[in-house]
Amino acid sequence: MNDIKQAPIGVFDSGVGGLTVVREIMRNLPTEKIVYFGDTARVPYGSKSKETVLRYSRQIVRFLGTQEVKAIVVACNTASAMALEEIKEEIDIPIIGVVRPGAKVAAEMTENKRVGIIGTQATVGSQIYRKLIQEIDPEIEVIGKPCPLLVPLVEEGWLKDPITDMVLERYLKELLSEDVDTLILGCTHYPLLRSNVRKLVGERVHLVNPAYETAQSLGKLLRENGIANDGHEEEEFPYRFYVSDMAERFTDFASTILPFDVSSAKKVNIEEY
Ligand code: DGL
């Protein structure tokens, strides 16, 4: 039987955004293999109902099961908010999302107990960050702001465009007037706008990138379960990418996020799972 420690980690997102989480996993856990699935045919999840996001997430988890992954990372804030709790009960391998690690570090960082969270309609509307932060400290005030225009701007590659800064400024104005000292980048695309956000909020506000914290939590989870990979098998390229549509567009974008050229992504008919 194959050693489970050598099995890959399954990571999924509604599209390309989850690659910001993959990037952190690669940095923090360089010996781990990864199978990534981006649901490029059905993105965005952020404007869909819980029922739909749960159905999509279940299909992806079934697909990742066929890849014999040893653990799963839900690298999408929306799917973490809408589907993680249910799926956790349905599978027998460890699974984590990006929300709990992000909430934990925000609760630790805030000094004035005022935390802002930006994300999709679904994530902010679910109030999940508020719930998890207040479980840690009920006195922390959590102020959410959905920013639906940011995902398309990032996907268009307009990271250094004044239009993106204008949109961001308009979204953040309200949060800044609430005197938050910590801001959660609660959508997988937003870490790519980190320097734009930093410019607008100044040095006083702590920025929380849940992707980074998730990679740390994943390492802990693998060690606790005795399934961390202790060494690379050198002969094999350790990363595989799957999408539900537009594989070429995905590889182009992926190559701008990851520290190497992603040469191919395989298209999967996810509705079959
Ligand atoms: N990946 C999603 C998230 O982190 C953003 C894109 C979408 O709406 O699907 O919430």
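The residues of the chain are indexed from 1 along the displayed sequence. Ligands are counted one by one from 1 in listed order, and the atoms in each one are counted from 1 as well.
Listed by number with element, the atoms of ligand 1 under 4.0 angstrom from any heavy atom of Y45 are 7 (C), 8 (O), 9 (O). Taking every non-hydrogen atom of G46 and a distance limit under 4.0 Å, the qualifying atoms of ligand 1 come out as 7 (C), 8 (O), 9 (O). Near T120, meaning under 4.0 Å from any of its heavy atoms, are these atoms of ligand 1: 5 (C), 8 (O), 10 (O). Near S14, the atoms of ligand 1 lying under 4.0 angstrom from a non-hydrogen atom of the residue are 1 (N), 2 (C), 6 (C), 7 (C), 9 (O). Against a heavy-atom cut-off of under 4.0 Å, P44 is close to the following atoms of ligand 1: 7 (C), 8 (O), 9 (O).
Annotation: atom 10 (O) of ligand 1 to nearest protein heavy atom, T78 OG1, 2.6 Å. Residue, atom and distance of the protein heavy atom nearest to atom 2 (C) of ligand 1 are C76 SG, 3.5 Å. The protein heavy-atom contact nearest to atom 5 (C) of ligand 1 is C187 SG, 3.5 Å.
Using a 4.0 Å cutoff on heavy atoms, G119 does not count as a contact of ligand 1. The shortest heavy-atom distance from G17 to ligand 1 is not under 4.0 Å.
The cationic atom of R62 (NZ for Lys, CZ for Arg) does not lie both less than 6.0 Å from the six-membered ring centre of Y273 and within 45° of the ring axis.
Counting only heavy atoms from C-beta outward, the side chains of V21 and V98 approach each other to under 4.5 Å. Between F260 and M26 the shortest side-chain heavy-atom distance falls below 4.5 Å. Side-chain atoms of H206 and E111, non-hydrogen and from C-beta on, do get closer than 4.5 Å to each other.
For V43, every heavy-atom contact with ligand 1 shorter than 4.0 Å involves the side chain, none the backbone. At a 4.0 Å heavy-atom cut-off, ligand 1 touches N77 through backbone and side chain alike.
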Query raised in the report: Could you go step by step and tell me if Y239 and F237 meet the ring-ring contact (aromatic ring centres under 6.0 Å, His included) rule?
Result: CA-CA 6 Å; Y239 308 123; F237 185 67; 5.6 Å; yes
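Taking any N or O of H189, backbone or side chain, none lies under 3.5 Å from an N or O belonging to ligand 1. Of the N or O atoms in S47, none lie within a sub-3.5 Å distance of an N or O in ligand 1.
Using a cut-off of 4.0 Å between Lys/Arg side-chain N and Asp/Glu carboxylate O, E32 and K70 are scored as salt-bridged. A salt bridge is absent between K113 and E141; no separation between the charged side-chain nitrogens and carboxylate oxygens falls under 4.0 Å.
None of Y242, F12, F63 except one satisfies the ring pair (Phe, Tyr, Trp, His ring centres under 6.0 Å) rule with F37; the exception is F63.
With hydrogens and angles left out, the side-chain atoms of Y212 and N28 include no donor and acceptor closer than 3.5 Å.
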